[in-house]
Each structure stands twice: as C-alpha cells, then as structure tokens.
Colleague: 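Could you have a look at this structure, given as structure tokens, before my questions?
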Amino acid sequence: MAAHGDVVSHAAGVRRRLDFDVIVVGAGIMGSCAAHAAACRGARVLLLERFDLLHHLGSSHGHSRTIRDAYPKARYPPMVRLARRLWGDAQADAGYRVLTPSPHLSMGPRSNAALLAAVENGGAAEVDMGGRWGGGVFRVPDGWVTAVSELGGGVLDATKAVAMFQALAVKKGAVVRDNKEVVGIVNKDGGGAGVWVTTSDGEEFHAAKCIVTVGAWTSKLVRSVAGLELPIQPLHMLTLYWKIKPGHERELTAAAGFPTFSSYGDPHVYSTPSLELPGLIKINYDGGPPCDPNSRDWVSGGGDAADRVARWIEEFMPGHVVTVGGPVVRQSCMYSMTPDKDFVIDFLGGEFG
C-alpha cells in the first residue's frame, strides 16, 4: 500500500489516512474505466465501492450491453468510434475479449425524426429486410425505415468488462476497496488542500481530486455532501430474455451475424442477439418507472415492460420468438436518467458551463 500513498500509523479507533492523486467513488463500469484511465496516466488512484465488487444492485452487471454508433444526437457517434478503439486497446492489454462486434439495425416509422437522425449520424444504409438474416425474421409495416450499420453494433459483456478494467487498473498500480460507503467529500481551503473522502466506517482518504461515478445514487450522494440537486432520476428497468421458437435458435445468434437492433416509436424496444443464454434472446423496453435505488420493489418493479415487449414481439417477430408465459428470465437493472438524456460530466459547481 505504501507504494500508492502515505500511510499514517494509527492505534485502534484512530482514522487512517492515505494520500492519492485521484479517488474514484463508485466501481461500476464508469468508475472502473475512470480509475483505469487515471492509473494509465501515472496517477495514484484509489477506487472505492459501496457494495461488493461486481455486485448486481446497480447498472453495470449482467452479460450484455449494446454498443452502437446510431445516435440521434450527432455528438455521440464520434465518441463511440473512439470508444471502440479504446475497448480494443484494453482487450489487447487484458488478453481476452469483452466486446462481440455485430451489425446494428435501426427501424421505425419514417416520420420518426430521432430515427432518421440516428440513421444519418451512424452512416447506416437502408436495406431490404427480405434477404437479411434468413429472411422473414421481422414483420415490418409499410412505410417503415430499416437501416443497417454493418460495423456499428456490438455486445459488451458488462460484468466481465467491469472486472477487466478493475484488473487493468490494479495492474497499473491502483488500489481497489469494496464495501466502503462514502458519506463525506470535503474540499478544504478552497481546494488547495485537496479533497478529503470519508467512509461510513470512519476511514478518511486524502487526494488532489475526487471523481463521483455512483450511477443511480449520484443525486443522493451529491445532495448529502454538497447540498446540490442534480436532475438525475433512477429508473427501474427490466432485462427480459425470451425463448426463441424451435428451429430458429441459430438464426438469431451473434455467431450467425444477427444484429443488435433498436425499434423506434411506442414502445421503444431494443435487443441484443442471442449470445449469453443459448436459445434465448434479450428484447427490452427502453424505459421504466422512477425508483429509489435503496428501496426498489424487486417483485413487481419495472412496471408493464414485459407486457409492452410481448405485444411488440407478437406484432414484429411472431414467427421467431415465444411470448406465451412471458419472458423466461427477468433481471432488475437501473437507468440514471437526466431530462435531456445526456450524461452529466462536469466539475462540482459547473466549471464546464
């Protein structure tokens, strides 16, 4: 530990202080990536996690997340393309893969402005669905746009990716501590003395900078330590896996080239190809009811997402996916949603403007 900061000797009951360049609070995918990036730049990094590492209580667990370059807002596709290169660098360093490339299909009514912008920004090309993926997978209404970005999609193994970035950060000298709930972040003497981070068990850590990446808990933490209200609303999401009809299992796999896809409109539905659970495909509703991350309803939370998706499947993929009996697997997750659906990346006080 001494290699990463100054350790102050202490008797029982006396706080221990370690000095770091950067303390990252929250060890989900964003915090783990931030710790890795800082460590790669030579910073002394401490990564703190409130729960067990790789827990399933937030937004970074499970085995599949979509990566795509089809975004309605033009600022995002260049970021995604840069991110792909960085994912490749990290995988090469780790020696294993967490990203499975795939095409990405965007579809929906031609009147949907967000869809048209996503197709344009992602450089997708409109295609005839009749000859794709064995033909007849999707029953698309007349007047709909169906556009494919051949290299624009992909599936990220979420939990494996978090573990990868934590391991790479440690390899670069970072310190990772779990079951450390942060209850205080204090910027003393106008910032000249750095930031003091206190945990619920009384430990205190000192660093030049502190990065908060606690996802659905962001509003609660920032409110408690700074009195600032951030418009970040946690949403209770359901990850839904549906049974593929017998005889079609191979068609809908990533290995067969089946795409990630987004269906715009009401409901907005998205999917990843069959990959982590053979014979099942993940098809989700892009939304969910507001929730408190500390007191979610694990039984009935997620609202009517499963019913919405079932109706969509019956209309658009009736020959390939089973809806009778509902989804085979339901997993809880959370979104952390802002009013404009953009990320919050800023300094406390808004120095970015």
Colleague: Is a donor on one side and an acceptor on the other found under 3.5 Å between the side chain of Thr146 and the backbone of Val127?
Modeller: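 The answer is yes, because a donor-acceptor pair under 3.5 Å joins these two groups.
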Colleague: Any luck finding a side-chain donor-acceptor pair between Tyr335 and Gln233 under 3.5 Å?
Modeller: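 No.
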Colleague: Any chance you could measure Asp178, atom CG, to Gln166, atom CD, to the nearest 0.5 Å?
Modeller: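 The distance works out to 9.0 Å.
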Colleague: Step through the shown structure and confirm whether more than 12 heavy atoms of other residues, nucleotides or ligands are within 6.0 Å of CZ on Arg41.
Modeller: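 12 or below, so no.
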Colleague: Output yes when Lys180 and Glu203 qualify as a salt bridge under the 4.0 Å nitrogen-oxygen rule, no when they do not.
Modeller: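 Yes, Lys180 and Glu203 are salt-bridged.
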Colleague: His248 and side-chain hydrogen bond (donor to acceptor under 3.5 Å, both in side chains): which partner among Lys245, Glu251, Arg250?
Modeller: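 Single side-chain hydrogen bond (donor to acceptor under 3.5 Å, both in side chains) partner of His248 among Lys245, Glu251, Arg250: Glu251.
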Colleague: Could you walk me through whether Met107 and Tyr264 pass the side chain to side chain contact (heavy atoms under 4.5 Å, CB included) check?
Modeller: CA-CA 6 Å; Met107 58 182 172; Tyr264 289 72; over 6 Å; no
Colleague: Would you say that Ile23 contacts Ile211 through its side chain, given a criterion of any heavy-atom pair below 4.5 Å between the two side chains?
Modeller: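 Heavy-atom side-chain distance check fails, nothing below 4.5 Å.
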Colleague: Mind checking whether Leu46 and Phe20 have side chains closer than 4.5 Å, heavy atoms only?
Modeller: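 With C-beta onward as the side chain, the pair touches.
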Colleague: Taking the side chain as everything from C-beta on, heavy atoms only, tell me whether Leu105 gets closer than 4.5 Å to Trp133.
Modeller: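 With C-beta onward as the side chain, the pair touches.
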Colleague: Taking Lys209 first and then Asp21, would you say they form a salt bridge - that is, a charged N and a carboxylate O separated by under 4.0 Å?
Modeller: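 Salt bridge between Lys209 and Asp21, a charged N being under 4.0 Å from a carboxylate O: no.
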Colleague: So do Lys243 and Leu280 actually touch side chain to side chain, heavy atoms under 4.5 Å?
Modeller: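 Side-chain contact under 4.5 Å: yes.
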Colleague: Can you name the closest pair of heavy atoms from Ala306 and Arg330 and give their distance?
Modeller: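 Nearest pair, atom of Ala306 first, then Arg330: CB-NH1, 3.8 Å.
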Colleague: Say you draw a straight line from CZ of Phe165 to CD1 of Ile29; how long is it, rounded to the nearest 0.5 Å?
Modeller: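 It comes to 5.5 Å.
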Colleague: Do side-chain atoms of Ser336 reach the backbone of Ile232 as a donor and acceptor pair under 3.5 angstrom?
Modeller: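 Side chain of Ser336 to backbone of Ile232, a donor-acceptor pair under 3.5 Å: no, none is there.
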Colleague: Please report the C-alpha distance between Val182 and Thr198 in whole Å, then the side-chain angles of each, then the deciding distance to 0.1 Å, and finally whether the side chain to side chain contact (heavy atoms under 4.5 Å, CB included) criterion is met.
Modeller: CA-CA 6 Å; Val182 170; Thr198 307; over 6 Å; no
Colleague: Do the charged groups of Asp266 and Arg308 touch, with an N to O distance under 4.0 Å?
Modeller: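 Yes, this pair counts.
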Colleague: Mark yes or no for whether His36, through its side chain, and Val170, through its backbone, hold a donor-acceptor pair below 3.5 Å.
Modeller: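 Judged by distance alone, no pair lies under 3.5 Å.
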Colleague: With side chain to side chain contact (heavy atoms under 4.5 Å, CB included) as the test, would you mind laying out the steps for Trp242 and Ile313 before giving the verdict?
Modeller: CA-CA 10 Å; Trp242 306 80; Ile313 292 171; 3.6 Å; yes
Colleague: Testing the 3.5 Å rule here: is there a donor-acceptor pair between the side chains of Ser262 and His268?
Modeller: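 Note: Ser262 and His268 side chains miss the donor-acceptor criterion.
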Colleague: Ignoring hydrogens, what is the shortest heavy-atom contact between Gly31 and Leu47? Give both atom names and the distance.
Modeller: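 Closest pair (atom of Gly31, atom of Leu47, distance): O-CD1, 3.9 Å.
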Colleague: Taking atom NZ of Lys172 and atom SG of Cys40, what is their separation to the nearest 0.5 Å?
Modeller: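 Rounded to the nearest 0.5 Å, the NZ-SG separation comes out at 5.0 Å.
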Colleague: With hydrophobic residues grouped by side-chain heavy-atom distances under 4.5 Å, do Met237 and Met30 end up in a single group?
Modeller: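 Each belongs to a different hydrophobic cluster.
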Colleague: Could you check whether any side-chain heavy atom of Val186 comes within less than 4.5 Å of a side-chain heavy atom of Val195, counting everything from C-beta outward?
Modeller: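 Val186 vs Val195: side chains apart.
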Colleague: Evaluate Arg132 against Val148 for side chain to side chain contact (heavy atoms under 4.5 Å, CB included), listing each step before the verdict.
Modeller: CA-CA 10 Å; Arg132 299 299 299 257; Val148 174; 4.2 Å; yes
Colleague: Checking Ser149 against His104: is there a side-chain donor and acceptor pair closer than 3.5 Å?
Modeller: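 No, Ser149 and His104 have no side-chain donor paired with an acceptor closer than 3.5 Å.
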Colleague: At their closest point, which heavy atom of Ser64 faces which heavy atom of Val155, and how far apart are they?
Modeller: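 Between these two residues, the closest heavy atoms are CB-CG1, 3.5 Å.
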Colleague: Give a yes or no on whether the backbone of Gly215 and the side-chain of Thr218 come within a donor-acceptor separation of less than 3.5 Å.
Modeller: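 Flag set: sc Thr218 to bb Gly215 pair under 3.5 Å.
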Colleague: Excluding sequence neighbours, so at least two apart, what forms ring pair (Phe, Tyr, Trp, His ring centres under 6.0 Å) with Phe316?
Modeller: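 Per chain and number, Phe316 pairs via ring pair (Phe, Tyr, Trp, His ring centres under 6.0 Å) with Trp144, Trp312.
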Colleague: Can you find a heavy atom in the side chain of Val329 that is under 4.5 Å from one in the side chain of Leu240?
Modeller: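 A side-chain contact is absent here, since even the closest heavy-atom pair is not under 4.5 Å.
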Colleague: With a 4.0 Å cut-off, would you call Arg110 and Glu126 a salt bridge?
Modeller: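 Answer for the salt bridge query: yes.
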Colleague: Apply side chain to side chain donor-acceptor pair (under 3.5 Å) to Trp217 and Asn294, showing your working.
Modeller: CA-CA 8 Å; Trp217 286 268; Asn294 292 331; 2.7 Å; yes
Colleague: Within the 3.5 Å criterion, strictly below it, is a donor on His55 or Glu49 matched to an acceptor on the partner's side chain?
Modeller: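 Yes, because at least one side-chain N or O of His55 sits under 3.5 Å from a partner of the opposite role on Glu49.
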Colleague: Could you give the side-chain donor-acceptor pairs of residues 86-93 under 3.5 Å, partners two or more places apart or in another chain?
Modeller:
from  : atom 1 : to     : atom 2 : distance (Å)
Gln91 : OE1    : Val98  : N      : 2.7
Gln91 : OE1    : Leu99  : N      : 2.9
Asp93 : OD1    : Lys171 : NZ     : 3.0

Colleague: Do you know which of Asn284, Thr66, Asp286 makes side-chain hydrogen bond (donor to acceptor under 3.5 Å, both in side chains) with Tyr270?
Modeller: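 Filter result, single survivor: Asn284.
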Colleague: Look at the side-chain heavy atoms of Ile, Leu, Val, Met, Phe, Trp and Tyr, link any pair under 4.5 Å apart, and say whether Val214 and Ile185 land in one connected group.
Modeller: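 Linked, Val214 and Ile185 end up in one cluster.
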Colleague: Could you check His56, Arg65, His236 and say which one makes a side chain to side chain contact (heavy atoms under 4.5 Å, CB included) with Cys333?
Modeller: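 For Cys333, the side chain to side chain contact (heavy atoms under 4.5 Å, CB included) test succeeds with only one of His56, Arg65, His236, which is Arg65.
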Colleague: Looking only at atom types and distance, does a side-chain atom of Thr199 sit under 3.5 Å from a main-chain N or O of Glu181, one as donor and one as acceptor?
Modeller: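 Judged by distance alone, no pair lies under 3.5 Å.
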Colleague: Would you say Thr272 and Lys282 are linked by a side-chain donor-acceptor pair, where the criterion is simply a distance under 3.5 Å?
Modeller: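 No, no side-chain donor-acceptor contact under 3.5 Å.
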Colleague: Quick one: closest heavy-atom pair of His61 and Ser332, and the distance?
Modeller: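 Smallest interatomic distance, heavy atoms only, reads NE2-O, 2.9 Å.
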Colleague: Consider only side-chain heavy atoms of I, L, V, M, F, W and Y, link residues closer than 4.5 Å, and tell whether Phe51 and Val175 are in one cluster.
Modeller: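 Linked, Phe51 and Val175 end up in one cluster.
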Colleague: Where the side chain of Asn121 meets the backbone of Ala70, is there a donor-acceptor pair that is under 3.5 Å apart?
Modeller: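 Looks like no, no N/O pair under 3.5 Å.
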Colleague: Would you say Ile281 and Ser271 make side-chain contact, with heavy atoms under 4.5 Å?
Modeller: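 They are in contact (side-chain heavy atoms under 4.5 Å apart), so the answer is yes.
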Colleague: Decide whether Tyr96 and Ile67 are clustered together by the hydrophobic rule: side chain heavy atoms of Ile, Leu, Val, Met, Phe, Trp, Tyr closer than 4.5 Å, transitively.
Modeller: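 Yes, it is one cluster - the side chains of Tyr96 and Ile67 are joined through contacts under 4.5 Å.
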Colleague: Does Thr159 reach the main-chain N or O of Gly62 with its side chain, forming a donor-acceptor pair under 3.5 Å?
Modeller: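 Yes, Thr159 side chain to Gly62 backbone: donor-acceptor pair under 3.5 Å.
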Colleague: What is the distance from atom CZ of Arg311 to atom CG of Asp304, rounded to the nearest 0.5 Å?
Modeller: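 Here the interatomic distance stands at 6.5 Å.
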Colleague: Mind checking what makes side chain to side chain donor-acceptor pair (under 3.5 Å) contact with Arg223, not counting sequence neighbours?
Modeller: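 Partners of Arg223 by the side chain to side chain donor-acceptor pair (under 3.5 Å) criterion, ordered by chain and then number, come out as Glu229.
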Colleague: At their closest point, which heavy atom of Pro293 faces which heavy atom of Ala216, and how far apart are they?
Modeller: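 Distance-wise, the nearest heavy atoms are CG-O, 3.5 Å.
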Colleague: Spell out, as yes or no, whether a donor-acceptor pair under 3.5 Å connects the side chain of Arg68 to the backbone of Pro77.
Modeller: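 No, because the side chain of Arg68 does not come within donor-acceptor range (under 3.5 Å) of the backbone of Pro77.
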Colleague: Under 3.5 Å, is there a donor-acceptor pair between the side chain of Arg84 and the main chain of Val80?
Modeller: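 Not confirmed, Arg84 side chain does not pair with Val80 backbone.
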Colleague: List the atom of Ala174, the atom of Ala39, and the distance in Å for their closest heavy-atom pair.
Modeller: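 Residues Ala174 and Ala39, closest heavy atoms: CB-CB, 4.4 Å.
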Colleague: Are Leu57 and Leu48 co-members of a hydrophobic cluster defined by side-chain heavy atoms under 4.5 Å apart?
Modeller: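 The answer is yes; both residues are in one hydrophobic cluster.
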Colleague: Judged by modelled atom types alone, do Asp342 and Tyr76 share a side-chain donor-acceptor pair under 3.5 Å?
Modeller: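 Note: Asp342 and Tyr76 side chains meet the donor-acceptor criterion.
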Colleague: Kindly indicate whether the side chain of Val183, heavy atoms from C-beta on, has any atom under 4.5 Å from the side chain of Ser200.
Modeller: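 In short, these two side chains touch, coming nearer than 4.5 Å.
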Colleague: Hey, is the main chain of Val25 close enough, under 3.5 Å, to the side chain of Thr213 for a donor-acceptor pair?
Modeller: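 Yes, Thr213 side chain to Val25 backbone: donor-acceptor pair under 3.5 Å.
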